[in-house]
Each structure stands twice: as structure tokens, then as C-alpha cells.
Amino acid sequence: MIRQATPDDIPRLVEMGTRFLTETTYAGRVVPNHAAMARTLALLLASDVGGLFVAETNGTVTGMIGLLLFEHPFTGSLTAQELFWWVEPEYRGYGLRLLRRGEQWAAAAGAQHVHMIAPTPAVARLYERLGYGYLEAAYQKAMA
């Protein structure tokens, strides 16, 4: 089942976010901060510019997608930016339903575009099959 997240989901979402950051290409590059994650999730839930949806399997939250609606600084068009999209590996199969729910939310909110992050070539190929086009790659450098 795909549903809107609630404040009660925040601890589980932080747990999944930690797993995402420690078991994927983000490991060693992005250090999980549980308090920051919880604040971000609460802001998404409390704001009309945040979309936060979960996949639930047998009463357990097993996936999540979070998007932020903003006015693009170059075009002025309303854009939905993915902040995170994750399904626990043992529950894969709900990811596309989560993405579709996020896209529905973005369209209903008036977004003209949805920007998604592709941390691996496999994810990039998935986006291309779904009609997304390459826009840019992101790089990170530690300053301390």
C-alpha cells in the first residue's frame, strides 16, 4: 500500500534513511545525522511544498519518497525535486508505485517538471525508460 506519511512514521523513515546512506554509493560520503533527517521529514509533512509518501507492507513501512516543490531559479517554473527515494532491498517492487505517487502529487501541486537523482547508472537507465531525460550530474567535495 502507498500512502501519505504521518509524523508517527518519522522514526522508521530515519532508520531507512540511515540504511540508505550507509549501504549505497553514499556510504562514506554522506554521514547520517538523525536529528537533521527527522527535522527535514517533519518540515515536509508540515509544509504545502513537501510531498512525503511511504510504502507499507503488512503494517511495516518499507519504502519512502520525499519531494520538495520550488520555483526553478532560472525558468521560474514550478519544479518538484526528489530529496530521497528508497525501498528496503528485501521489499523491492514498490519503488515505481512510490515514484508514480510522487509524480501525481507534483502534477496536482502544479509542478511543470520533476527532477530525480540517479546515484547509479542502473537508476539512470530506469529514469530514461520512464521518460526522464538526462539533465546534469552532481559532484561533492568535502571542505573540511
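Start at 1 with the first residue, then count along the sequence.
- Separation of atoms CG (Leu68) and CG (Leu52) is listed at 11.5 Å; rounding is to 0.5 Å.
- Separating the CZ atom in Arg101 from the CD atom in Gln4 is a distance of 6.5 Å, to the nearest 0.5 Å.
- Here the closest heavy-atom approach between residue Leu83 and residue Ile117 is recorded as O-CD1, 4.3 Å.
- Under 4.0 Å is where a charged nitrogen must lie from a carboxylate oxygen, and between Arg12 and Glu15 at least one such pair does.
- For the pair Pro32 and Met37, the tightest heavy-atom approach, listed with the atom from each and the gap, is CB-CE, 3.7 Å.
- For residues 27-51, there are no salt bridge (Lys or Arg N to Asp or Glu O under 4.0 Å) pairs, not counting sequence neighbours.
- Not one N or O on the side chain of Thr60 forms a donor-acceptor pair closer than 3.5 Å with the backbone of Thr62.
- Within the 4.5 Å cutoff, the side chain of His113 has no heavy atoms near those of the His72 side chain.
- Rounding to the nearest 0.5 Å gives a distance of 11.5 Å between CD of Glu88 and CZ of Phe20.
- Nearest heavy atom pair, residue Pro7 against residue Leu45, reads N-CD1, 3.6 Å.
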Query raised in the report: Run the side-chain hydrogen bond (donor to acceptor under 3.5 Å, both in side chains) check on Thr79 and His115 step by step: do they pass?
Result: CA-CA 7 Å; Thr79 304; His115 291 183; 4.8 Å; no
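- Between atom CD1 of residue Ile2 and atom CD of residue Glu56 there is a gap of 9.5 Å, rounded to the nearest 0.5 Å.
- By the rule that hydrophobic residues join a cluster once side-chain heavy atoms approach within less than 4.5 Å of another member, Phe70 and Leu41 end up as members of separate clusters.
- Shown here for Met16 and Val61, the closest heavy-atom pair between the two residues is CE-CG1, 3.6 Å.
- Criterion: ILVMFWY side-chain heavy atoms under 4.5 Å apart, direct or through other members. Under it, Phe53 and Leu96 are part of a common hydrophobic cluster.
- For the pair Ala27 and Thr22, the tightest heavy-atom approach, listed with the atom from each and the gap, is CB-O, 3.5 Å.
- Residues Met116 and Leu99 form a side-chain contact, since some pair of their non-hydrogen atoms from C-beta on lies under 4.5 Å apart.
- Atom CD of Gln112 sits about 7.0 Å away from atom OG1 of Thr75, to the nearest 0.5 Å.
- Arg100 has its side chain within reach of Leu130: a pair of non-hydrogen atoms, C-beta onward, lies under 4.5 Å apart.
- With hydrogens and angles ignored, the 3.5 Å screen pairs a side-chain donor or acceptor of Trp85 with a backbone N or O of Gly95.
- Between the side chain of Tyr132 and the backbone N or O of Leu135, no donor-acceptor pair lies under 3.5 Å.
- Leu13 and Leu43 are members of different hydrophobic clusters when ILVMFWY side chains are connected at heavy-atom separations under 4.5 Å.
- The distance from atom CZ of Phe84 to atom CG of Leu67, rounded to the nearest 0.5 Å, is 8.0 Å.
- Tyr94 approaches Met1 most closely through the heavy-atom pair CE2-N, 4.0 Å.
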